[in-house]
Number of protein chains: 2
Amino acid sequence: MKAGADIAADMESTGGRQDTKEVILDAAEKLFAEKTYSAVSLRELTQAAGVNLAAVNYHFGSKDALLIALFRRGAIELNRARARLLREAEERAGGGTPPVREIVAALVLPAIRYSFTSTRLALYNQFVAFARGDGPAEAREMLDKEVGHLQRFALSLARALPHLPQHEVYWRLHFAMGVQHSLYTDMKRLETLSGGLCQLDDLDAVAARVIDYVTAGLEAPYTAKG
Amino acid sequence: MKAGADIAADMESTGGRQDTKEVILDAAEKLFAEKTYSAVSLRELTQAAGVNLAAVNYHFGSKDALLIALFRRGAIELNRARARLLREAEERAGGGTPPVREIVAALVLPAIRYSFTSTRLALYNQFVAFARGDGPAEAREMLDKEVGHLQRFALSLARALPHLPQHEVYWRLHFAMGVQHSLYTDMKRLETLSGGLCQLDDLDAVAARVIDYVTAGLEAPYTAKG
DNA sequence: CATTGACTTAAACGGGCGTTTGAATTTAGC
DNA sequence: GCTAAATTCAAACGCCCGTTTAAGTCAATG
């Protein structure tokens with residue numbers, strides 16, 4: 001009876017225990033980040049999760065649907081945290097415009113914090129990089145819809161940087177996302193490059209570094225282009 | 001007779017025509033960047049290249065060896081161009097230290113130029129992001145060895161930014177690489193975010209933007225961390 | 001013009017893939 | 001404690017993968 005699959009797909013809290021689904025999601029998050037969606041087989045995945053091979057298809061419907069569910073879980077938490085920090089910064093500014101540095105902090109801190117402390121969001125950002133172009137079309141569309149959440153930051157930054165044309169704000173926000181991605185995709189290169197000097201141990205220090213760098217880039221003098 | 005595979009693998013210029021090998025490499029570069037190494041089948045790849053299915057194994061030995069050859073071709077050209085620009089900047093400085101902005105330009109310009117004008121290096125940077133963690137171990141080792149080329153830029157930047165501790169220079173160079181990667185991995189998100197306002201049409205303008213941003217980040221005031 | 005060697009081709013190989021099945025087992029409601 | 005649904009399980013399905021094979025093509029060589 002596969003009624004469970006459809007029900008569980010629609011509503012998050014069925015009567016049955018939720019353990020298996022989460023165990024699978026956690027294992028998938030780890031493996032998809034280490035390798036690639038299509039490089040990880042369901043046999044490898046279910047074995048790492050300690051569940052039966054058929055469990056993925058039973059609980060999610062397909063491997064593709066698992067990827068989508070995985071992304072949804074991570075995106076919801078990350079965007080919720082970012083939105084909360086941005087709202088708090090705006091309240092602190094008393095209805096005015098928060099300084100660039102605080103907007104940047106709202107964007108950067110959740111990604112760093114959650115990615116290394118929470119088991120649920122661990123490696124989420126690294127996974128996003130792989131999902132693009134690899135996963136099913138539906139997953140890619142979800143990534144694009146994520147843009148809506150970034151729009152809030154674009155607007156806030158545009159108010160804080162009134163001398164910049166709109167498109168320049170978008171470009172610099174885009175670069176800021178690239179800096180964040182570098183924390184999850186190429187750390188090995190940095191460790192090699194620095195001879196082990198640079199590592200992801202002190203998260204607060206790393207966060208401060210990223211915020212300094214991104215803030216400076218956003219506040220860079222504007223020289224008209226093209 | 002598979003003698004051809006070994007010979008062609010060792011020496012770049014056999015007596016036979018080189019067309020097929022290059023056609024395969026070009027098709028692989030495009031497809032591996034669009035999807036993922038393991039998401040592209042040899043049947044799909046050889047069909048796109050217009051060659052026989054067995055051609056990859058004949059000319060490269062295996063799918064893995066193709067990936068390695070592909071990376072080698074791109075890395076050689078990119079690093080050569082970067083090294084040349086850096087050397088020229090140093091000569092312009094008359095033995096002294098070039099300004100940060102010129103070091104950054106030497107790092108950034110080849111990646112942008114080659115990636116969009118040359119058919120050989122097109123999509124090379126986007127491919128690198130996927131190769132990490134997906135490809136065979138040998139490919140990953142090659143990526144790490146690439147670090148040697150970045151070391152020159154780290155040294156040059158350290159001289160230009162003497163107030164920064166060494167590890168801070170490494171971190172900021174790392175972030176600079178992340179900004180460059182953002183040009184090849186998430187352009188779709190930027191296009192969506194900006195409503196089509198931002199695009200990769202005017203390469204000179206984009207290059208100037210990246211250089212501005214990265215230079216500002218590198219020159220950001222240093223606040224002691226952790 | 002026969003021979004050689006580089007290259008191409010179509011066909012096949014075993015293996016691992018995502019998925020499905022149907023029976024066994026566990027869980028929840030009465 | 002019975003019933004019925006939800007879940008787990010081992011086994012199998014067919015498909016497509018990377019690779020190999022052996023025959024075929026073609027240009028250059030002597």
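Per chain, numbering begins at 1; letters A, B, ... match sequence-line order. Quick caveat, the model's predicted, so the values are computed rather than measured.
OP1 or OP2 of D/dT8 has at least one side-chain nitrogen or oxygen of A/Thr20 nearer than 4.0 Å. A sub-4.0 Å separation between OP1 or OP2 of D/dT7 and a side-chain N or O of A/Asn52 is absent. Side-chain N/O atoms of B/His59 include one lying less than 4.0 angstrom from OP1 or OP2 on C/dT8.
For residues 197-206 of chain B, the salt bridge (charged side-chain N to carboxylate O under 4.0 Å, His left out) pairs, not counting sequence neighbours, are B/Arg113-B/Asp204.
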Dump every N/O contact between nucleotides 17-19 of chain D and the protein below 3.5 Å, one line per pair.
from	atom 1	to	atom 2	distance (Å)
D/dC17	OP1	B/Ser41	OG	3.1
D/dG18	OP1	B/Lys63	NZ	2.8
D/dG18	OP2	B/Leu42	N	2.7
D/dG18	N7	B/Arg43	NH1	2.8
D/dG18	O6	B/Arg43	NH2	2.7
D/dT19	OP2	B/Asn57	OD1	3.3
D/dT19	OP2	B/Lys63	N	2.8
D/dT19	O5'	B/Asn57	OD1	3.4

CA sep, side-chain torsions, deciding dist, call: B/Lys21, B/Asp26, salt bridge (charged side-chain N to carboxylate O under 4.0 Å, His left out): CA-CA 9 Å; B/Lys21 280 186 78 168; B/Asp26 289 339; over 6 Å; no
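The CZ atom of A/Phe60 sits 16 Å away from the C1' atom of D/dA6 (whole-angstrom rounding). A straight line from CD1 of A/Ile24 to P of C/dT19 spans 13 Å, rounded to a whole angstrom.
A/Tyr213 meets the ring-ring contact (aromatic ring centres under 6.0 Å, His included) test with B/Phe175; sequence neighbours excluded. Under the side-chain hydrogen bond (donor to acceptor under 3.5 Å, both in side chains) criterion, A/Glu168 pairs with A/Arg172, B/Arg209, not counting sequence neighbours. Qualifying side-chain hydrogen bond (donor to acceptor under 3.5 Å, both in side chains) partners for B/Gln151, counting only residues two or more places apart in sequence or in other chains: B/Tyr170. Here A/Asp64 pairs with A/Tyr37 under the side-chain hydrogen bond (donor to acceptor under 3.5 Å, both in side chains) rule; sequence neighbours left out.
Side chain of A/Tyr58, nearest nucleotide from D/dT8, C/dA10, C/dC7: D/dT8.
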